[in-house]
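Heads up, the thing below is written out as structure tokens.
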Number of protein chains: 2
Amino acid sequence: MKKFMNSTDTMLRESLSGFAQCHRDIVTLDSELRFVRRAQIKPGKVALISGGGSGHEPLHTGFVGHGMLDAACPGQVFSSPTPNQMVAAAEAVEAGAGVLFIVKNYAGDVMNFSLAAEMCGSNADTLVIDDDVSLEKSMQGRRGVAGTMVVEKMLGAAAEAGADLPALKRLGTSVNGSTRSMGVALTSCTMPAVGKPTFNIADHEMEIGVGIHGEPGRHRRPMMPADKIVALLVDPILKDLQIAKGRDILLHVNGFGGTPLIELHLLNKIATEQLRERGLQVKRWLVGNHTTSLEMAGASLTLTALDDEMVSLWDAPVVTPSLRW
Amino acid sequence: MKKFMNSTDTMLRESLSGFAQCHRDIVTLDSELRFVRRAQIKPGKVALISGGGSGHEPLHTGFVGHGMLDAACPGQVFSSPTPNQMVAAAEAVEAGAGVLFIVKNYAGDVMNFSLAAEMCGSNADTLVIDDDVSLEKSMQGRRGVAGTMVVEKMLGAAAEAGADLPALKRLGTSVNGSTRSMGVALTSCTMPAVGKPTFNIADHEMEIGVGIHGEPGRHRRPMMPADKIVALLVDPILKDLQIAKGRDILLHVNGFGGTPLIELHLLNKIATEQLRERGLQVKRWLVGNHTTSLEMAGASLTLTALDDEMVSLWDAPVVTPSLRW
């Protein structure tokens with residue numbers, strides 16, 4: 001394992017400190033490192049808080065700021081943050097209109113955020129994101145992956161515009177229900193505390209439907225031309241999402257951390273074309289390494305079936321360390 | 001080699017097309033794919049044009065837009081674009097005040113951009129960037145690396161504000177003279193057309209002073225804690241740059257493509273501290289994968305000794321696909 005770090009014990013702490021330093025105009029790091037919060041709180045606005053294991057940066061800390069999250073709680077790499085972190089974040093950013101916790105659907109995260117919401121009382125709720133179509137059936141249900149940031153962006157815009165807590169929960173449920181993702185890994189990631197790759201994969205293989213922690217997907221396939229790989233992601237997504245022909249969509253091509261932009265842009269071109277061939281028009285695009293798995297090489301596609309409200313929420317101004325327009 | 005591509009012949013074309021698609025509000029791709037240009041040209045402004053081999057994205061195409069470049073010419077991966085591409089770009093964006101070509105110091109780029117400037121006539125000039133301190137002496141002089149985007153950002157702001165061609169050339173010479181970089185690679189990159197790693201490096205080794213095409217650096221060292229790696233970059237930079245104590249600086253921590261943000265932010269924390277210990281205050285930060293070498297794991301540090309003018313130019317609004325504030 002070769003990583004820029006001093007020790008596994010100090011890695012997260014040093015990284016958060018370096019993050020907060022270069023984005024101090026937008027975010028503030030809690031002195032006990034329990035959360036990252038917006039530098040400026042907006043009174044009367046519902047507070048949106050997310051979080052989860054670290055190693056997926058910029059998700060979630062990079063999406064704290066005007067028009068997106070109010071706070072994010074980073075756990076250790078691929079480990080849930082604690083309810084105490086979440087409650088501390090809520091106390092720091094609650095602005096009189098309650099708190100909505102946005103939670104990726106993993107057992108630890110769901111348990112801890114639900115407990116935190118209980119501890120916060122009646123003016124707090126949770127919204128669980130489960131956009132990953134790769135595992136059709138599992139005990140825990142579908143995983144939450146790159147679609148999470150789409151929900152965070154749209155809810156952030158709605159909260160900024162004054163939506164109340166029940167309205168945000170309804171909207172979030174609707175955006176999550178209109179959003180599906182699926183990914184493919186070319187290499188494994190290596191957790192700093194483990195020191196060896198999470199899974200083994202041969203030089204000619206790829207893992208279709210991989211999770212963002214290196215969890216197994218649907219199947220292994222030999223490496224293929226990009227056209228075919230994209231079809232292996234687009235078709236299961238569309239089978240699950242069932243978008244009416246002619247409906248506009250948002251396409252998010254997400255890199256897992258080790259895949260360069262030259263390849264992500266190529267995937268974007270191919271996915272856009274394949275969607276057009278299937279009668280769907282991409283109306284909005286986002287391409288980049290946004291929901292990562294440390295240094296894993298690979299990418300996911302996320303589709304959201306848009307309505308006019310979602311388009312305006314997507315287009316609304318956002319000023320965060322990693323998403324800005 | 002595992003890459004998302006259909007063939008080495010079509011990779012660049014498909015990638016540029018996917019890039020232009022998702023950023024069509026900001027940039028336009030030439031129909032013959034010779035250059036990417038700003039969607040909106042500003043009359044009377046000096047046109048800033050850069051370019052070079054592809055594989056360093058977002059450099060340079062991702063920096064085309066308001067407050068930065070007017071056009072960028074992408075060559076094949078790690079190969080110079082041709083003078084014809086550059087002249088075509090100049091014809092497309094020249095707005096009555098001449099053209100400045102911003103060129104990284106590599107033999108092919110310098111030759112082709114100089115020829116293009118000659119072909120454009122008296123109202124065109126070139127500015128060569130050579131910020132890499134790693135090779136103290138070489139035939140060609142120092143390489144141009146991640147400091148290039150610092151020059152592009154500051155000149156872009158000055159051009160937007162109405163500076164003329166001679167003033168921009170002077171300013172660019174000054175910013176380049178105040179900027180130094182040095183990098184370290186943990187893995188090699190693999191050029192698509194070659195299919196195997198550019199260099200071999202053992203699991204416990206790193207290449208200090210590596211170039212952005214995987215060129216050899218100053219020396220190989222065994223892997224070390226991040227504190228020591230940062231010192232191996234900061235000290236040669238400061239030895240070369242000779243900044244007066246108390247002088248403010250810009251610190252750019254750049255990833256080479258395969259290094260995740262969690263590690264880059266950690267490097268940022270350590271570099272900022274080590275500079276403080278040496279009597280220098282970081283006043284502005286930029287952290288991210290901006291000048292990449294395909295999927296290479298590694299990072300570089302770039303320091304610019306700032307004056308008040310440079311701070312305002314850095315802070316001025318910029319709207320490009322990959323840099324925006």
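Computation of the quantities below employed the complete heavy-atom set of this structure, encompassing side-chain atoms and omitting hydrogens, waters and symmetry-equivalent molecules. Just so we're on the same page: letters track the sequence lines, and every chain starts at 1.
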### Query
So, does A/K2 use its side chain to make a donor-acceptor pair with the main chain of B/E205 at under 3.5 Å?
yes
### Contact check, side chains of A/Q21 and B/N268, non-hydrogen atoms, under 4.5 Å
yes
### Task
Name the option with the most non-hydrogen atom pairs under 4.5 Å to chain A; the candidates are B/M206, B/M1, B/M11, B/R13.
B/M11
### Task
Sort out for me which of A/I229, A/L264, A/T292, A/D203 touches chain B most, counting heavy-atom pairs under 4.5 Å.
A/D203
### Query
Measuring heavy-atom distances to chain B, does A/R24 have an atom under 4.5 Å in its side chain, in its backbone, in both, or in neither?
side chain
### Message
Between A/G62, A/S322, A/G298, who has the most heavy-atom pairs with chain B when the cutoff is under 4.5 Å?
### Response
A/G298
### Message
What part of A/V77 gets within 4.5 angstrom of chain B, counting heavy atoms only: side chain, backbone, both, or neither?
### Response
side chain
### Query
Below 4.5 Å, heavy atoms only, C-beta onward: do A/F4 and B/I270 meet side chain to side chain?
no
#### Entry: Option that, when pairs with chain A are counted at under 4.5 Å, heavy atom only, ranks first among B/H204, B/E295, B/M5
B/M5
### Task
Output the option from B/L261, B/V282, B/L266 having the highest count of non-hydrogen pairs under 4.5 Å with chain A.
B/L266
### Query
Based on non-hydrogen pairs under 4.5 Å, which of A/R324, A/H56, A/R284 is most in contact with chain B?
A/R324
## Note on the structure
Cut-off 4.5 Å, heavy atoms of chain B, and the answer for A/L16 is neither
### Message
Using only atom types and a distance under 3.5 Å, with no angle test, would you say the side chain of B/N6 pairs donor to acceptor with the backbone of A/D227?
### Response
yes
### Message
If I measure from the heavy atoms of chain B, does A/P321 come under 4.5 Å with its side chain, its backbone, both, or neither?
### Response
neither
### Query
Taking side chain as C-beta onward, heavy atoms only, is A/I262 less than 4.5 Å from B/L294?
yes
### Task
Name the region of B/P192, side chain, backbone, both or neither, that has any atom closer than 4.5 Å to a heavy atom of chain A.
neither
### Query
Checking heavy atoms, do the side chain of A/L267, its backbone, both or neither come under 4.5 Å from chain B?
side chain
### Query
Using non-hydrogen atoms only, which part of A/H23 is less than 4.5 Å away from chain B: side chain, backbone, both, or neither?
side chain
### Query
What part of A/M296 is in contact with chain B, defined as an atom under 4.5 angstrom from a non-hydrogen atom: side chain, backbone, both or neither?
neither
### Query
Got a second to check how far A/D315's CG is from B/D25's CG, nearest 0.5 Å?
9.5 Å
### Query
Where on A/A299 is there a heavy atom nearer than 4.5 Å to chain B: the side chain, the backbone, both, or neither?
both
#### Entry: A/S17 versus chain B, the contacting section by heavy-atom distance below 4.5 Å
both
### Summary
Nearest heavy-atom approach of B/C22 to A/H265 is SG-CD2, 4.0 Å
